[in-house]
Protein chains: 2
Amino acid sequence: MSRRNTASQSAVLQLLRESDCALNQDMVAERLDSVVNRSTIYRILNRFVEDGLVHRIVGEDGRQYFAKCSDCTAEAHHHDHPHFHCVSCERVECLSEPLRIGVPAGYLPQQLNVTVSGYCRDCNQNS
Amino acid sequence: MSRRNTASQSAVLQLLRESDCALNQDMVAERLDSVVNRSTIYRILNRFVEDGLVHRIVGEDGRQYFAKCSDCTAEAHHHDHPHFHCVSCERVECLSEPLRIGVPAGYLPQQLNVTVSGYCRDCNQNS
DNA sequence: CTTGTTAATGCGACAAATTTGCATTAACTT
DNA sequence: AAGTTAATGCAAATTTGTCGCATTAACAAG
Ligand SMILES: [Mn+2]
Ligand SMILES: [Mn+2]
Ligand SMILES: [Zn+2]
Ligand SMILES: [Zn+2]
């Protein structure tokens with residue numbers, strides 16, 4: 001089952017590429033020029049994650065955010081960097097420095113989700 | 001508005017105290033001897049978080065898990081340790097070693113949510 | 001260019017997790 | 001013992017994400 005190119009897909013990918021922070025479904029929907037169905041947006045995003053184009057972040061609010069991977073492939077994901085989630089403006093951004101967390105012997109770690117929440121620079125100053 | 005002592009509250013707190021891992025609403029409900037309403041369980045847990053008795057962990061599945069704080073107070077929370085979330089048995093456990101994550105200048109970090117997901121020792125061996 | 005296959009979409013329904021309004025109960029104060 | 005109101009139970013609502021299914025349209029083959 002190979003992938004097909006569609007306008008919606010390209011538009012979402014372009015959005016994520018241009019965005020300096022991770023986006024959830026709502027954010028994607030409201031930033032798109034054309035109206036795209038909610039399920040479709042989720043399917044597009046999940047497809048991107050499967051294909052290793054995008055990584056999924058679980059926010060402090062339990063919602064899914066998606067960010068363009070800078071240098072991941074379908075085989076090797078290194079989503080080992082922390083994120084900052086602003087509780088005021090809801091921005092979720094990737095922090096650069098990667099991170100390694102030890103687990104007890106016998107455990108098999110697969111994914112890492114690191115989120116610092118608080119106030120981003122903008123929201124911290126305007127308050 | 002001061003707090004009142006109720007049987008449900010004490011039972012939930014006792015559960016969390018005895019548990020070696022974090023629990024979500026479902027887990028609390030099924031481990032309680034008596035039937036306690038779902039909303040009530042959520043309210044009890046949220047109250048505990050407010051009061052600094054318990055800390056909230058957002059799991060890899062976006063659900064809320066709650067763990068008894070070992071040495072937090074309402075004023076000073078140090079929920080700065082990572083968690084392991086088994087994708088098979090759903091156990092969420094606190095890992096001991098605390099952790100510090102740097103944020104860009106001007107940011108005001110407040111909470112930390114670190115979750116490693118994968119297979120715990122038991123689930124790793126039985127597979 | 002026309003046609004066939006099937007991936008992608010839209011839409012409605014569904015499911016799960018959590019919250020909320022409101023009436024009732026019961027913990028604690030006086 | 002009586003009054004105040006925090007805590008509870010219950011039903012309904014919200015929110016987030018998924019699923020089934022009919023329809024559309026991307027793309028490969030002829
Ligand atoms: Mn990221
Ligand atoms: Mn913990
Ligand atoms: Zn902000
Ligand atoms: Zn396990």
Side-chain angles (χ1 to χ4, degrees), chain A residues 1-16 22-51 53-67 74 85 87 90 92 111 113 115 117, chain B residues 1-16 22-51 53-67 74 85 87 90 92 111 113 115 117:
Chain A
M1 61 176 108
S2 61
R3 297 270 123 101
R4 291 178 186 180
N5 240 15
T6 68
S8 304
Q9 259 178 113
S10 323
V12 172
L13 191 55
Q14 189 54 26
L15 261 188
L16 291 173
L23 305 176
N24 60 29
Q25 182 272 325
D26 273 326
M27 296 165 168
V28 169
E30 74 191 6
R31 292 180 195 208
L32 281 175
D33 293 326
S34 56
V35 175
V36 179
N37 182 268
R38 198 158 45 95
S39 311
T40 302
I41 295 181
Y42 276 117
R43 281 191 275 232
I44 288 174
L45 292 169
N46 286 331
R47 225 177 291 145
F48 286 166
V49 172
E50 268 180 54
D51 294 350
L53 292 172
V54 160
H55 61 256
R56 184 196 319 268
I57 302 136
V58 177
E60 202 70 14
D61 53 6
R63 293 199 291 181
Q64 304 185 358
Y65 291 78
F66 300 86
H85 192 168
V87 295
E90 295 192 297
V92 172
Q111 292 266 338
N113 196 82
T115 307
S117 58
Chain B
M1 61 177 105
S2 62
R3 297 271 122 101
R4 292 179 185 178
N5 240 15
T6 69
S8 303
Q9 257 178 116
S10 324
V12 172
L13 191 55
Q14 188 55 25
L15 260 189
L16 291 173
L23 305 176
N24 60 29
Q25 182 273 326
D26 274 325
M27 296 166 170
V28 169
E30 72 190 9
R31 290 179 197 209
L32 281 175
D33 292 325
S34 58
V35 175
V36 178
N37 183 268
R38 201 152 36 94
S39 311
T40 302
I41 295 182
Y42 276 116
R43 281 190 274 231
I44 288 176
L45 292 170
N46 286 329
R47 226 178 289 144
F48 286 166
V49 171
E50 269 180 54
D51 294 350
L53 293 172
V54 160
H55 62 255
R56 185 197 318 269
I57 301 136
V58 177
E60 201 70 15
D61 52 6
R63 293 200 292 181
Q64 304 184 1
Y65 290 79
F66 300 86
H85 191 167
V87 294
E90 296 193 298
V92 172
Q111 292 268 335
N113 197 83
T115 307
S117 58

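Being a predicted model, the structure only gives us computed values, none of them experimental. Note: hydrogens, waters and symmetry copies are ignored here, and every other heavy atom, side chains too, is used. Just so we're on the same page: letters track the sequence lines, and every chain starts at 1.
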Heavy-atom donor-acceptor pair, A:Ser39 side-chain to C:dA8 base, under 3.5 Å: no
Whole angstroms only, please: what is the CG-P distance between B:Asn37 and C:dA26? 14 Å
From A:Ser117 OG over to B:Asn113 CG, what is the distance, rounded to the nearest 0.5 angstrom? 7.5 Å
Can you measure A:Asn5 atom CG to D:dA25 atom P for me and round it to whole angstrom units? 16 Å
C:dA8 phosphate, OP1 or OP2, under 4.0 Å from A:Thr40 side-chain N/O: no
Winner on side-chain proximity to B:Arg63, out of C:dA27, C:dA8, C:dT18, is C:dT18
Measuring only between side-chain heavy atoms, which start at C-beta, is A:Arg38 closer than 4.5 Å to A:Arg43? no
Suppose we call a contact any N or O donor and acceptor under 3.5 Å apart; does that hold for the side chain of A:Arg38 and the base of C:dG10? no
Taking N and O atoms by type only, does the side chain of A:Arg43 place a donor or acceptor under 3.5 Å from a partner on the base of C:dG10? yes
Between C:dG10 (C1') and A:Ile41 (CD1): distance, integer Å: 12 Å
What is the distance, rounded to the nearest whole Å, between atom CD of A:Gln25 and atom C1' of D:dT14? 15 Å
To the nearest Å, give me how far apart CD (B:Gln64) and C1' (D:dT16) are. 13 Å
Rounded off to whole Å, could you give me the CG-to-C1' distance for the A:Leu23 and D:dG17 pair? 17 Å
Of B:Asn24 and B:Ser2, the one whose closest nucleotide on DNA chain C sits nearer the 5' end is B:Asn24
Is the shortest side-chain heavy-atom distance between A:Val28 and A:Gln25 below 4.5 Å? no
Name the closest nucleotide to the A:Tyr42 side chain, picking from D:dT8, C:dG10, D:dG17. D:dG17
May I ask you to say what B:Thr6 touches in the nucleic acid, namely base, sugar-phosphate or nothing, with a heavy-atom cut-off under 4.0 Å? sugar-phosphate
Report the residue (A:Ile44 or B:Ala7) whose heavy-atom-nearest nucleotide on DNA chain C is the more 5′ of the two. A:Ile44
With a 4.0 Å cut-off on heavy atoms, is B:Asn46 in touch with a base, just the backbone sugar-phosphate, or nothing at all? sugar-phosphate
Given A:His55 and A:Phe48, is the ring-ring contact (aromatic ring centres under 6.0 Å, His included) satisfied, shown in steps? CA-CA 8 Å; A:His55 61 256; A:Phe48 286 166; over 10 Å; no
Which nucleotide in the set D:dT18, C:dA27, D:dT16 lies at the smallest distance from any side-chain heavy atom of A:Asp26? D:dT16
Side chain of A:Arg4 only, heavy atoms from C-beta on: which candidate in C:dT6, C:dG10, C:dA13 is closest? C:dT6
Just how far, in rounded Å, is P of C:dA27 from CZ of B:Arg47? 13 Å
Nearest-angstrom distance from the residue atom CD of B:Gln9 to C1' of C:dC28: 13 Å
Flag the pair A:Arg56 and B:Glu60 as a salt bridge only when some basic side-chain nitrogen lies within less than 4.0 angstrom of an acidic carboxylate oxygen. no
